[in-house]
Protein chains: 2
Amino acid sequence: MVTTLSQVAEKAGVSVSVASRSLNGHAKAYRISDATASRVKEAADQLGFRPSQTARSLRLKKTGLVGVVVPDLSNPFFASISQSIALSAEAEGYSVIVADSREQTEHEIRLLHQLEDRQVEALVVCPVGTESKHLQEINKRGTPVVLADRTFPNCNLAQVTSEHRVGAAKATRLLTAQGHRVIGVLQGLPGTLPNEQRLSGHAEALEEIGVAFDPSLTMGNNFTEASGFDSAKKLLVDRPDITAFFAFSTPNAMGALRAAMESSRLVPDDLSIVAFDDCPYADLMSVPLTTVRQDVDRIGQLAAELALRAAVGSTSRKRKRRHDVKTRVIVRNSISSVRHS
Amino acid sequence: MVTTLSQVAEKAGVSVSVASRSLNGHAKAYRISDATASRVKEAADQLGFRPSQTARSLRLKKTGLVGVVVPDLSNPFFASISQSIALSAEAEGYSVIVADSREQTEHEIRLLHQLEDRQVEALVVCPVGTESKHLQEINKRGTPVVLADRTFPNCNLAQVTSEHRVGAAKATRLLTAQGHRVIGVLQGLPGTLPNEQRLSGHAEALEEIGVAFDPSLTMGNNFTEASGFDSAKKLLVDRPDITAFFAFSTPNAMGALRAAMESSRLVPDDLSIVAFDDCPYADLMSVPLTTVRQDVDRIGQLAAELALRAAVGSTSRKRKRRHDVKTRVIVRNSISSVRHS
DNA sequence: TCCTCGTGCACAAACGATTGTGCTAGACTA
DNA sequence: TAGTCTAGCACAATCGTTTGTGCACGAGGA
């Protein structure tokens, strides 16, 4: 069914070594006559020869594979990152294996090992949880690991993420500029760098106007809609003086929206909302969300670049191993100024 | 760095064949003493031995890879399909390589060949365009191809798609039940089976109430937002008597929504909309869309199942090679009854 | 005529696994 | 004691490439 190099060689009346070199353009270097080389090529064409990537991988110790592990592929954010990684990788002749860790460290570890066994040349991981030990080990064992989006403090792995601190400060300033002083924060997963940096950016922006950061205004344990909903509900009763929410993810914001509806608080009249993370059709939402958009494509592209660079073993360690990509504020209609009562 | 079987064998003081058989549980069958077998296992553990999948693939002619080609991974619909394929495949010990054809046949073909060269054991394709020749050829060459979502009429490839005709009829009936008689259809890519079957389902539902299908009410050339927007705009001026739109995709519907806003037609008061395809947060949209939801997870799961079954070469041709998964109507708030003027 | 040299290839060893078969030494039988 | 059997392993081929090296043959110079 599939034709092998030796069949090509036989048909051309040469040895496999000559066939291989002819087809790989090494003819000159190995003193193979033009006549022979073209005879081989013709034979290859006629037989529809396609070299086995598996065999080459084994021989060359190069699989041309990149592994991508995300927590939830159905989440547009991760889907977009995967897409842009896939496109970048493909441009360099690589293919990507994507794996979905279902937000569980346990799965993440299993999948990572599976990919390691498949000898992917690099891994791009949007990690789950707050542990990076397993990732460091893999990196140490020889498969370069690049962290995307969810990175860790004090972690020497290559990483690319958004300018969370700056972005969060921008978001907060949108609120404070409208007079908001009591701002509820619907946070994501505590302990992750994005979350911590956003908190710190938020506090920073508050400080600028002389407001102290109040930890009791922060709630949430995940980037999910459920966490956003629960936290918002709780905060709305605990702190009735809250005039605005800063949600750390789109799902968090959606949860907040639902909570506001259930509590019959009108957005943006009774309650302003700003969210980190944009989402498709955010402008067509019942309340068009003002958001801090991350440049997903750029994140994916940079991650792919770092990964591939590491894969080919560019020893130039001078290369930046850490990238923070800029965010952009998208002003829509979920913020109003506080009413003076 | 990475340890090979022969290193394990050496450490255990046995030959590679014994080492291989011990680790693969073939000890008994090949009369290897328990003592030796456990000695090998211990050595493997100590060295952290992980067999090279590349080598096994070559020897066993089984890569454990499934290829998935979608037109646009950032589209939640395809992202979800990919996810559910990935999960199903993973459960069977397979990994999936995803490739994004950017809605272009040219890319699709290139990617498919790349995957073929990598010797994926099966392909799941959401094809672009209306040509299936290249897919049939691949299938004939030995890599089983399963079509998902976008299938073709008169195509003997395995395929899984939604019950487009039934779903479209349901959607149309939602409108006719409210008295709508002049319904604009924002179609997707003409010539694809989903599109044609939806059209036919639509016509069928009209016929039930004695309304003739009017082709001039149908516009559009793609499943994109742009197509939806342009078609809606045009139809709104060409046919001011239109009281409702049936959009063949979520992006189509979003385009219609925007067109309605620009033409200052209120939805649902002045204009009803129903869409095929659900999307996350559809209920939180400015007008909560009534939709015919496809069971994306089931589609992906079935596709993966067909693909893997074909991969292991189950010769039982009795198996259904074609699946139509049911759709479900999600009633929200984008439809109102026609006003009697 | 003999030696040298370059051209044009073929041979064979990898890569790291799996697997059919062959070999040896001890136990057992007669 | 000689012959048979079997447990317990090692050898070697194989999957399809790539690549270092060796060999033969003809041309050219002295």
Side-chain angles (χ1 to χ4, degrees), chain A residues 1-41 43-44 47-65 93 116-121 142, chain B residues 1-41 43-44 47-65 93 116-121 142:
Chain A
M1 209 73 229
V2 326
T3 79
T4 74
L5 190 57
S6 69
Q7 297 178 26
V8 173
E10 189 179 7
K11 173 153 188 160
V14 299
S15 72
V16 281
S17 55
V18 168
S20 171
R21 293 199 247 249
S22 302
L23 294 176
N24 290 330
H26 299 328
K28 291 288 161 230
Y30 285 90
R31 303 182 311 228
I32 289 166
S33 70
D34 293 352
T36 309
S38 55
R39 199 149 32 84
V40 170
K41 282 175 193 157
L47 295 177
F49 171 70
R50 315 236 57 186
S52 154
Q53 292 304 317
T54 311
R56 318 186 84 232
S57 299
L58 180 58
R59 175 63 225 236
L60 301 179
K61 288 176 164 305
K62 249 190 116 298
T63 54
L65 290 174
E116 219 183 342
D117 289 351
R118 285 196 188 280
Q119 276 148 127
V120 298
E121 295 181 38
Chain B
M1 208 74 229
V2 332
T3 79
T4 73
L5 190 58
S6 69
Q7 297 177 27
V8 173
E10 189 179 7
K11 172 153 190 161
V14 298
S15 70
V16 281
S17 56
V18 168
S20 171
R21 293 198 247 248
S22 302
L23 295 175
N24 290 331
H26 298 330
K28 291 288 162 233
Y30 285 90
R31 300 182 312 228
I32 289 166
S33 71
D34 293 352
T36 308
S38 55
R39 199 151 30 85
V40 170
K41 283 175 192 157
L47 295 178
F49 171 69
R50 315 235 59 186
S52 154
Q53 292 304 317
T54 311
R56 318 186 83 233
S57 299
L58 181 58
R59 174 66 225 236
L60 301 179
K61 290 178 162 306
K62 252 190 115 296
T63 54
L65 290 174
E116 220 183 341
D117 289 351
R118 284 195 188 280
Q119 276 146 134
V120 298
E121 294 181 38

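By convention in this document, chain letters (A, B, ...) are assigned in the order of the sequence lines, proteins followed by strands, and residues within each chain are numbered from 1.
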Visitor: Output the rounded distance in Å from CZ (B/Arg56) to C1' (D/dC15).
Guide: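 Answer to the nearest Å: 13 Å.
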Visitor: Measure distances between side-chain N and O atoms of A/Ser17 and base N and O atoms of C/dC11, and say whether any donor-acceptor pair falls under 3.5 Å.
Guide: yes
Visitor: I'd like to know if the side chain of B/Ser57 reaches the main chain of B/Gln53, judged simply by a donor and an acceptor atom lying under 3.5 Å from each other, with no hydrogens or angles considered.
Guide: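 Yes, B/Ser57 side chain to B/Gln53 backbone: donor-acceptor pair under 3.5 Å.
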Visitor: With a cut-off of less than 4.0 Å, is there a side-chain N or O of B/Lys61 near OP1 or OP2 of D/dG16?
Guide: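 Checking B/Lys61 against D/dG16: at least one side-chain N or O falls below 4.0 Å of OP1 or OP2.
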Visitor: Keeping the roles fixed (side chain from B/Arg21, backbone from B/His26), state whether a donor-acceptor pair exists under 3.5 Å.
Guide: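 Not a single qualifying donor-acceptor pair exists.
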Visitor: Taking 4.0 Å as the cut-off, does a side-chain nitrogen or oxygen of B/Tyr30 come that near to OP1 or OP2 on C/dG20?
Guide: yes
Visitor: Separation of A/Gln7 atom CD from D/dC15 atom C1', in whole Å?
Guide: 13 Å
Visitor: Within this structure, what is the CG-to-P distance between A/Leu60 and C/dG16, rounded to whole angstrom?
Guide: 12 Å
Visitor: Scan A/Leu58 against the nucleic acid and name what it touches under 4.0 Å (heavy atoms): base, sugar-phosphate only, or nothing.
Guide: base
Visitor: Send over the distance from A/Arg39 CZ to C/dC9 C1', rounded to a whole Å.
Guide: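 Taking CZ of A/Arg39 and C1' of C/dC9, I get 11 Å after rounding.
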Visitor: Give one of base, sugar-phosphate or nothing for B/Arg31, where a contact means two heavy atoms less than 4.0 Å apart.
Guide: base
Visitor: Main chain of A/Gly64, side chain of B/Arg118: is a donor-acceptor contact present, judged purely on distance under 3.5 Å?
Guide: yes
Visitor: Is it the case that the base of D/dG20 and the side chain of A/Arg21 share a donor-acceptor contact (distance under 3.5 Å, atom types as modelled)?
Guide: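 Such a pair exists between side chain and base.
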Visitor: Rounded off to whole Å, could you give me the CD-to-P distance for the A/Gln119 and C/dC15 pair?
Guide: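 Rounding to the nearest Å, CD of A/Gln119 and P of C/dC15 are 13 Å apart.
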Visitor: If you compare every side-chain N and O of A/Ser33 against the phosphate oxygens of C/dC9 (OP1, OP2), does one of them come in below 4.0 Å?
Guide: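 Yes, A/Ser33 has a side-chain N/O under 4.0 Å of OP1/OP2 on C/dC9.
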Visitor: Please state how far atom CD1 in A/Ile32 lies from atom P in D/dT19, giving the value in whole angstrom units.
Guide: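 My rounded result for the distance is 12 Å.
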Visitor: Checking the side chain of B/Gln119 only, and the main-chain atoms of B/Lys61 only, is there a donor and an acceptor separated by less than 3.5 Å?
Guide: no
Visitor: Just call it for A/Ser20: base, sugar-phosphate, or nothing, with non-hydrogen atoms closer than 4.0 Å on any strand.
Guide: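 Counting heavy atoms under 4.0 Å across all strands, the contact made by A/Ser20 includes a base.
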Visitor: Identify the heavy atoms of A/Ala37 and A/Ser22 that sit nearest to each other, and give their distance.
Guide: CA-OG, 3.8 Å
Visitor: When you measure from the side-chain N and O atoms of A/Ser57 to the phosphate of C/dC15, is any distance below 4.0 Å, counting only OP1 and OP2?
Guide: no
Visitor: Check the distance between C/dC15's C1' and B/Leu5's CG and give it to me in whole angstrom.
Guide: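 From B/Leu5 CG to C/dC15 C1': 13 Å.
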Visitor: What nucleic acid atoms does A/Thr36 come within less than 4.0 Å of, heavy atoms only: base, sugar-phosphate, or nothing?
Guide: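 Sugar-phosphate: the residue A/Thr36, judged by heavy atoms under 4.0 Å, touches backbone atoms but no base.
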Visitor: With a cut-off of less than 4.0 Å, is there a side-chain N or O of B/Ser15 near OP1 or OP2 of D/dA10?
Guide: yes
Visitor: Using whole Å, report how far CG of B/Asn24 lies from P of C/dG16.
Guide: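 Interatomic distance, CG of B/Asn24 to P of C/dG16: 17 Å.
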